[in-house]
Every structure is written in C-alpha cells, then in structure tokens.
Amino acid sequence: MANNRNVARALLDRQGRTYADEAGIRLADRPGPLYQLLVLTMLLSTRIRAGVALAAARELFAAGYRTPQAMEAASWQDRVDALGRGHYRRYDERTATMLGTGARLCLQRWHGDLRRLHREADGDRPTLRRLLIEFPGIGPTGADIFLREAQTVWPDVRPYADRRALAGARRLGLPADPGGLAGLVGEADFGRLASALVRVALDEESAGEVSRTAAAR
C-alpha cells in the first residue's frame, strides 16, 4: 500500500492538472464553470486528440463563449471559426451545430444552470449520466468525462473513475477500482488522480517514468 501511495503521489506531481484546469476553466459549483466543463466534454467526446480538444475549448472561451447565452447568440460561423483556430477541423461544422443546440437545451431545460441537473439527480449517478447524455454529442463516454472532472466540485460523485482511468491504474499496478484508488490520496485530490490516470491510459504520460519517479522517493 505504501508503494501504491508513492506511485499515486508521483503521478500527481507529474500530471496533477485536471483537463478542466488545462482548458483554463476555474471549476467551481457555479453556472459558468459547469457550462464550460460541458463544452469541454463535448469537444473531448469526439475521436480527436485531447490536446486539440483542449486548444479548441480555449479558443471558444477566448472568443467569449463561456455561458450558454453567449454560445447560443454566437453565429454558427463564429463557432466554426473558433474551433478552426484550435485546429479542431475534422468535426468543426458538426460540433458548431451541437454546441448551439446544447446551449439551447441548457437554457431551456436547466435555465443555464447545471446545478439544477445535479439537484434533480439527487446524488444518483445513473440519473446524472442519463441527464448528461441528453446533450448532443455526449454519450456514455462523455458523461464519464464530465463526472470524472465534476467530482472535484460535486463531492457526492466521488470517487468516480471511468474505464480509461481504471485502465491507467492497471498500467501502473494500482488498484483497478474506485474505492481502492480513493485510499491512495486525499479526498480533494481524487479528481486530479483520475485525470492523471487517463493520461497514462492515453499514453500522454509514461507509466514507466511514473514508476521510476516513485521508486526514487
């Protein structure tokens, strides 16, 4: 167990940022940041490199599309152009449409506030997943991405580790279940650990380097 904790700590030291952090989202349990996480989730849900999705999210936010109101008010071409500046070109037209439709759904169903979605689910993860999947472009994998990141501000979701995070845990020889992983770090760090494990699964971080860093402690 001590060795596993060393590996988890080494991983956090090397890759301790969530994907929301990297996209420039100051995640909090407030309407704006939660909507920005929804946008990032839509972008990460396509078959495109995470780095490209993150760059596209930063471009959308830099253009001012940080709320569902702003996203819906933007023209389709403005959204396409912002995605293009982030080199998100393969899916830019379809994604621009989904971003507009998703913003409209967020406004009409949840009055622009995803905390309402959270309250409606009342701590039930399957309900949360079902409600998230109603947004265009977000399937089961997208719901996992959103909840994996949102657990940093929605404590009732923790510990949440999706299949990619668990795949990263297996590569490092760590427990491949959320409860086992939760015993390796403080509660507030679990979201960061889950994101870091995804980076291992996606080969954005070397499992061997993490293990060597842990062994040198």
Side-chain angles (χ1 to χ4, degrees), residues 1-29 33-34 36-37 40-58 61 86-88 125 128-129 132 138-217:
M1 177 63 80
N3 180 62
N4 284 347
R5 287 200 179 99
N6 284 341
V7 171
R9 180 51 55 188
L11 179 59
L12 285 177
D13 288 346
R14 293 173 62 89
Q15 295 285 352
R17 300 175 74 194
T18 64
Y19 284 94
D21 288 335
E22 197 169 344
I25 301 169
R26 295 185 177 182
L27 196 57
D29 192 23
L34 290 172
Q36 291 157 32
L37 177 59
L40 177 61
T41 297
M42 289 182 182
L43 298 175
L44 286 168
S45 295
T46 58
R47 294 174 181 267
I48 204 161
R49 288 187 299 109
V52 174
L54 289 163
R58 289 191 291 266
F61 301 150
H87 304 288
Y88 198 95
R125 289 184 183 179
L128 275 171
R129 286 172 56 82
L132 288 165
I138 296 182
T141 296
D144 281 339
I145 293 169
F146 187 95
L147 294 174
R148 190 183 70 222
E149 297 279 315
Q151 68 182 317
T152 62
V153 294
W154 288 352
D156 58 324
V157 175
R158 289 198 297 258
Y160 197 93
D162 62 357
R163 60 182 181 81
R164 282 183 176 168
L166 297 180
R170 282 190 287 271
R171 284 195 180 189
L172 288 166
L174 297 177
D177 68 275
L181 290 170
L184 304 180
V185 296
E187 187 176 347
D189 285 331
F190 191 84
R192 296 196 302 127
L193 178 64
S195 292
L197 289 169
V198 170
R199 289 185 164 92
V200 173
L202 297 177
D203 290 321
E204 295 173 7
E205 173 59 271
S206 164
E209 288 297 325
V210 173
S211 297
R212 282 189 284 275
T213 299
R217 287 174 178 267

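As the structure is a prediction and not an experimental result, all values here were calculated from the model. Residue numbers run from 1 in the order of the sequence given.
- One finds no salt bridge joining D156 and R125 here, because no Lys/Arg side-chain nitrogen approaches an Asp/Glu carboxylate oxygen to under 4.0 Å.
- Counting heavy atoms from C-beta outward, P159 and L193 have side chains that stay 4.5 Å or more apart.
- Atoms CZ and CG, from R49 and L54 in turn, are 10.5 Å apart once rounded to the nearest 0.5 Å.
- No side-chain heavy atom of Q36 sits less than 4.5 Å from a side-chain heavy atom of R26.
- Of the options L197, T141, V198, a side chain to side chain contact (heavy atoms under 4.5 Å, CB included) to D162 is made by V198 and by none of the others.
- Using a 4.5 Å heavy-atom cutoff, the side chains of L40 and I145 are not in contact.
- With E149 contributing its side chain and Y19 its backbone, the two residues share a donor-acceptor pair below 3.5 Å.
- The two residues R9 and D189 make their nearest non-hydrogen contact at NH2-OD2, 3.5 Å.
- Atoms CG and CZ, on L166 and R163 in that order, are 10.5 Å from each other to the nearest 0.5 Å.
- When all heavy atoms of A201 and G168 are compared, the pair lying nearest together is CB-N, 3.7 Å.
- Checked by atom type and distance alone, the side chain of R148 never pairs as donor or acceptor with a backbone atom of A194 at under 3.5 Å.
- Once rounded to the nearest 0.5 Å, the distance linking OG1 of T41 with CG of L147 reads 8.5 Å.
- Scanning all heavy atoms of the two residues, the minimum distance from L11 to A196 falls at CG-CB, 3.5 Å.
- The heavy-atom pair separating A169 from L181 by the smallest distance is CB-CD2, 4.0 Å.
- Within 6.0 Å of CD on E187 lie no more than 12 heavy atoms contributed by other residues, nucleotides or ligands.
- No side-chain heavy atom of L184 sits less than 4.5 Å from a side-chain heavy atom of V7.
- When all heavy atoms of R17 and E22 are compared, the pair lying nearest together is NH2-CA, 3.4 Å.
- Closest of all the heavy-atom pairs between A28 and L34 is O-CG, 3.7 Å.
- From L172, atom CG reaches atom CD of E205 across 8.5 Å, with rounding to the nearest 0.5 Å.
- Counting only N and O atoms by type, the side chains of T18 and D21 include a donor and acceptor under 3.5 Å apart.
- Side chain of Q151 to main chain of Y160: a donor-acceptor pair is present (N/O by atom type, distance under 3.5 Å, no hydrogens or angles).
- The number of heavy atoms from other shown groups lying within 6.0 Å of CZ (R164) does not exceed 12.
- The line from CG of L27 to CH2 of W154 is 9.0 Å long, rounded to the nearest 0.5 Å.
- Inter-residue side-chain proximity for D203 and R171 is flagged as met; some heavy-atom pair is nearer than 4.5 Å.
- At distances below 3.5 Å, not a single donor-acceptor pair connects side-chain atoms of S195 with backbone N or O atoms of R192.
- Looking at F146 and I138, their side chains never come closer than 4.5 Å, going by heavy atoms from C-beta outward.
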